[in-house]
Number of protein chains: 2
Amino acid sequence: MTPKYANVSERELEPPSLAISTVIFALRPDPETGRLTLWLPLVRRIRQPYRELWALPGGPLRPSESLQDAAARNLQETTGLSPRYLEQLYAFGGPDRSPTPRVVSIVYWALVQPDEAALARQDENVAWFPADAVGTLAFDHNRIIDYALWRLRNKMEYGSIAYAFLGPTFTLAQVREVYEAVLGRELDPANFRRQLQATQDIERTDSFLQGGRHRPPRLYRYTGPELQSDAFPPA
Amino acid sequence: MTPKYANVSERELEPPSLAISTVIFALRPDPETGRLTLWLPLVRRIRQPYRELWALPGGPLRPSESLQDAAARNLQETTGLSPRYLEQLYAFGGPDRSPTPRVVSIVYWALVQPDEAALARQDENVAWFPADAVGTLAFDHNRIIDYALWRLRNKMEYGSIAYAFLGPTFTLAQVREVYEAVLGRELDPANFRRQLQATQDIERTDSFLQGGRHRPPRLYRYTGPELQSDAFPPA
DNA sequence: CCAAAAGTGTTGTGGATACACCCATGC
DNA sequence: GCATGGGTGTATCCACAACACTTTTGG
């Protein structure tokens with residue numbers, strides 16, 4: 001299907017092709033330290049260029065599918081999951097991103113909560129990596145992930161995306177763990193609690209989390225604006 | 001050159017085409033009130049769809065030209081100006097943005113200082129409009145401009161983009177006027193001055209602006225990081 | 001009773017706002 | 001002198017960090 005080019009001048013006659021890629025973040029405990037860390041799934045390339053290297057999940061845009069829908073489909077196809085949060089990251093289009101035909105990639109980033117089924121999807125060609133140890137990837141994908149991490153941390157300090165990593169109810173300490181894992185530094189529990197309570201984004205429930213070997217913490221529920229972030233920012 | 005389609009199903013077989021558009025902002029005094037306001041240049045469409053309507057300047061991406069270069073070229077071709085600031089805004093690609101063949105637009109936004117030559121370029125097919133009164137534009141361009149305005153105001157409250165609207169030297173009051181025009185509200189001169197001086201972005205010169213009918217204000221010079229904002233954010 | 005985490009109180013500090021006041025120029 | 005904007009001083013408020021302290025559970 002894809003034409004092959006004998007040389008550069010032929011290549012330059014073709015219009016650039018368009019692809020959608022997605023950086024998918026999830027939180028999982030580190031198997032060694034047990035601490036919560038950021039992970040992301042990558043797929044192994046099965047054709048040239050960069051064959052055998054790991055890369056971001058992605059593919060072409062289908063007719064009559066929006067950019068966002070294409071990103072959600074990437075996510076579904078590689079992890080089986082639905083995004084809890086999905087937002088456009090950047091369009092990468094330098095003429096030298098890829099050898100042979102030029103590709104412009106519109107990249108999205110997503111937050112998910114993986115379940116066992118999703119993690120089990122690991123196989124020869126799909127695997128989860130700690131976000132700070134992905135090795136050398138195909139194309140400019142290392143750079144893209146760095147940028148996505150930067151955006152994630154940035155949004156974290158403002159918005160309410162943290163809840164996209166959590167279930168329907170959670171303790172304040174769990175929210176704090178999410179922040180600590182993403183930002184990579186510890187936060188004062190007392191002050192953090194007050195900051196959260198100052199926002200109108202959460203609501204206390206009457207339940208408590210049992211089973212710890214200490215005082216059971218109260219559970220909260222997210223009640224702020226929709227996280228799904230469809231369409232685009234002006235919110 | 002562009003193929004014509006007899007019906008929708010034919011259209012859907014074609015891959016989406018790619019275009020670059022640019023929202024160009026400049027500050028000019030309002031001809032009525034004399035107050036500084038935001039303006040932007042638009043071009044009249046000379047072919048279908050939306051023929052005769054005003055639209056953002058744009059066009060296809062050329063081979064071996066980066067996305068950013070294409071945006072700078074748009075700007076140059078429609079205004080004759082070079083950007084003082086240029087940044088990617090968003091990629092718009094809904095399947096219904098345009099009747100007939102689908103177009104994915106990667107949109108940039110720019111800040112410039114227009115000179116007489118640039119403003120003179122007004123003709124049948126290029127004209128400057130106040131940013132809050134552009135009328136009904138082609139495609140989804142009204143929405144795009146709203147988003148660009150939102151981003152501009154956002155960046156304004158942080159970064160040092162304000163200087164992109166100003167010449168090599170300026171008074172603190174001029175900087176304040178820029179902020180007031182963009183944000184649409186008045187700022188306390190005393191506090192604003194201190195905020196600016198607290199940053200390391202400006203440096204006092206030994207010159208004063210003469211000719212006012214009051215005490216001559218001191219001139220300052222921008223010395224902060226490069227504004228041009230090449231490549232992309234991680235800064 | 002003790003350990004450990006949940007949760008509350010208190011204090012100090014830096015930045016931002018509001019606003020009173022003085023300075024230097026043109027007329 | 002007086003009007004006008006340039007420029008300085010200062011009191012107040014508020015968000016936030018630091019950290020001591022109390023509470024409630026499991027063992």
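Just so you know, these numbers use all the heavy atoms, side chains as well, and skip hydrogens, waters and symmetry mates. Just so it is clear: chains get the letters A, B, ... in the order the sequence lines come, proteins before strands, and each one is counted from 1.
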Review point. When the aromatic ring centroids of F165(B) and Y163(B) are compared, is their separation below 6.0 Å?
Key: no

Exercise for review: Taking atom types as modelled, find out whether R143(B) and Y147(B) have a side-chain donor-acceptor pair closer than 3.5 angstrom.
Suggested key: no

Check your understanding: So where does chain B start and stop touching DNA chain D, 5' to 3', when the test is distance under 4.0 Å to a non-hydrogen atom?
Key -> dT4(D) to dT10(D)

Study note, to complete from the structure: The answer to which of N191(B) and R176(B) contacts DNA chain D further toward the 5' end, by nearest nucleotide, is R176(B)

Check your understanding: What parts of residues 193-218 of chain B reach DNA chain C, counting only heavy atoms under 4.0 Å away?
Key -> R194(B), Q195(B), G212(B), R213(B), H214(B), R215(B), P216(B)

Practice item. Could you verify whether a donor N or O on one side chain and an acceptor N or O on the other, from R194(B) and N191(B), lie under 3.5 Å apart? Key: yes

Point to revise | Residues that F25(B) engages under ring-ring contact (aromatic ring centres under 6.0 Å, His included), provided they are two or more places apart | key: none

Review point. From L111(B) CG over to L81(B) CG, what is the distance, rounded to the nearest 0.5 angstrom?
Key: 12.0 Å

Check your understanding: Do other residues, nucleotides or ligands put more than 12 heavy atoms under 6.0 Å from R153(A) CZ?
Key -> yes

Point to revise | Residue pair W54(B) / E124(B): nearest heavy atoms and the distance that separates them | key: CH2-O, 3.7 Å

Point to revise | Contacting residues from residues 180-189 of chain A, given that a heavy atom lies under 4.0 angstrom of DNA chain C | key: none

Exercise for review: Dump the intermediate steps for salt bridge (Lys or Arg N to Asp or Glu O under 4.0 Å) on R35(A) and E180(A), then the final yes or no.
Suggested key: CA-CA 10 Å; R35(A) 290 171 47 88; E180(A) 290 179 339; over 6 Å; no

Review point. Would the number of heavy atoms belonging to other residues, nucleotides or ligands and lying under 6.0 Å from CD of E157(A) be above 12?
Key: yes

Review point. So, E226(A) versus Y85(A): side-chain donor-acceptor pair below 3.5 Å or not?
Key: no

Exercise for review: Check salt bridge (charged side-chain N to carboxylate O under 4.0 Å, His left out) between E65(A) and all other residues, then give those that pass, not counting sequence neighbours.
Suggested key: R73(A)

Revision key, fill the gap. Bounded by its outermost nucleotides with an atom under 4.0 Å from a heavy atom of chain B, the footprint on DNA chain C reads dT17(C) to dG26(C)

Practice item. Please check if any side-chain donor atom of E177(A) sits under 3.5 Å from a side-chain acceptor atom of Y179(A), or the reverse. Key: no

